[in-house]
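Here the structure is laid out as structure tokens; the discussion comes afterwards.
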Amino acid sequence: MAEWPRSVAEAEAVQERLRPLVDLDDPGPETVRHVAGLDVAYATEGDELTAAVVVLDTGTLEVVDQAVVHERARFPYVPGLFAFRELPPLLIALERLRITPELLVCDGYGLAHPRRFGLACHVGVLTGLPAIGVAKTAFVGAYGDPPPERGSWAPIVDRGDVVGRALRTRDGVKPVFVSQGHRVGLDNACRHVLRLAPAYRLPEPIRQADRLSRSGARTA
DNA sequence: GCGACAG
DNA sequence: ATCTTGTCGC
């Protein structure tokens, strides 16, 4: 399916080669029935990781399908290249799902990346599915503090490009950082994130994937 | 050159 | 990412 690089130079070359395949113009699905959340947890010892993918029914926000994959990391953590660490097991987990999701919500960035090709773009291109990135901390670019109300936002600007938004999902709480991955517009991505995060800062798909990956990491 | 740097 | 108690506030 995909060949995995072994060096930083090879990994960067892969990103440069796949970047033109990203679709940033498709506004994306208006409504979605099944949404997936993707996350990875790390073991206390060794370079072992546990990838988890959950599928939620958007009507109830209940988990209706899930898959966990445990393996040894194939690539070191390098800012800007961490898809090469987390994507291999995540793709295997995605293949094991019985329900094909219509939208992927990734823990991390998409367009808001040094080479405009973060994890959300990468997984979107490799699967062909609409994908967005939701990160907990800033990475590239600058942004202003959005107004305190849930739903307000401020653009993230990097080298003159708007690459995402700092979006407030809860009143008075630190915003999350949303960026396009593949086949979803920025407005639409933020709409989905707000609908998927009715109670907590992070959207429910990511919270559930985080929960599952951690329990899986302890069991393994 | 130096520091910062998704998870 | 992970190591980690209590505590302030709604």
Side-chain angles (χ1 to χ4, degrees), chain A residues 4 8 11-12 14-15 18-19 22 37-54 68-91 93 104-125 131-143 148-150 156-159 161 163-182 186 189 193 198-203 205-220:
Chain A
W4 300 108
V8 166
E12 292 179 342
V14 169
Q15 292 182 329
L18 296 180
R19 181 179 51 185
V22 174
L38 288 62
D39 194 20
V40 173
Y42 294 82
T44 311
E45 288 298 321
D47 29 313
E48 309 244 314
L49 46 79
T50 303
V53 177
V54 297
V68 176
V69 173
H70 186 78
E71 70 168 33
R72 172 167 292 190
R74 317 183 188 197
F75 203 85
Y77 171 69
V78 179
L81 297 178
F82 96 107
F84 297 100
R85 197 172 163 74
E86 304 202 341
L87 221 38
L90 283 173
L91 289 172
L104 306 180
V105 181
C106 307
D107 189 352
Y109 284 97
L111 230 209
H113 173 278
R115 285 171 295 284
R116 303 289 182 265
F117 196 74
L119 175 68
C121 298
H122 207 147
V123 74
V125 166
I132 64 176
V134 179
K136 298 180 287 296
T137 62
F139 184 27
V140 297
Y143 64 95
E149 301 77 30
R150 166 185 156 85
I156 299 171
V157 180
D158 183 46
R159 298 177 310 183
D161 301 323
V163 294
R165 288 178 188 167
L167 175 66
R168 195 86 71 183
T169 53
R170 296 203 67 189
D171 290 355
V173 173
K174 174 179 177 173
V176 294
F177 303 86
V178 180
S179 59
Q180 295 179 74
H182 183 58
L186 187 51
V193 168
Y200 298 93
R201 177 167 88 113
L202 293 177
I206 287 184
R207 293 188 67 243
Q208 295 305 321
D210 181 77
R211 207 177 59 62
L212 181 60
S213 65
R214 292 195 197 214
S215 64
R218 280 190 286 99
T219 303

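In what follows, chains carry the letters A, B, and so on, assigned in the order in which the sequence lines appear, proteins first and then strands, with residues in each chain numbered from 1.
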Fill in the blank from the handout: Counting primed atoms, P, OP1 and OP2 as sugar-phosphate and everything else as base, the B/S/- map of nucleotides 1-7 of chain B against protein heavy atoms under 4.0 Å is ----SBB
Exercise for the section: Spell out, as yes or no, whether a donor-acceptor pair under 3.5 Å connects the side chain of A:Ser179 to the backbone of A:Gly110. Expected result: yes
Exercise for the section: Of all the heavy-atom pairs spanning A:Ala166 and A:Ile156, show the shortest one and how long it is. Expected result: N-CG1, 3.8 Å
Practice task
May I ask you to say what A:Arg170 touches in the nucleic acid, namely base, sugar-phosphate or nothing, with a heavy-atom cut-off under 4.0 Å?
Solution key: nothing
Practice task
Answer yes or no: is there an ion pair linking A:Arg214 with A:Asp39, defined by an N-O contact shorter than 4.0 Å?
Solution key: no
Fill in the blank from the handout: When every non-hydrogen atom of A:Pro88 is compared with those of A:Glu71, the smallest separation belongs to CB-OE2, 4.0 Å
Problem - Heavy-atom pair of closest approach, residues A:Gly141 and A:Asp158 - result: N-OD1, 3.5 Å
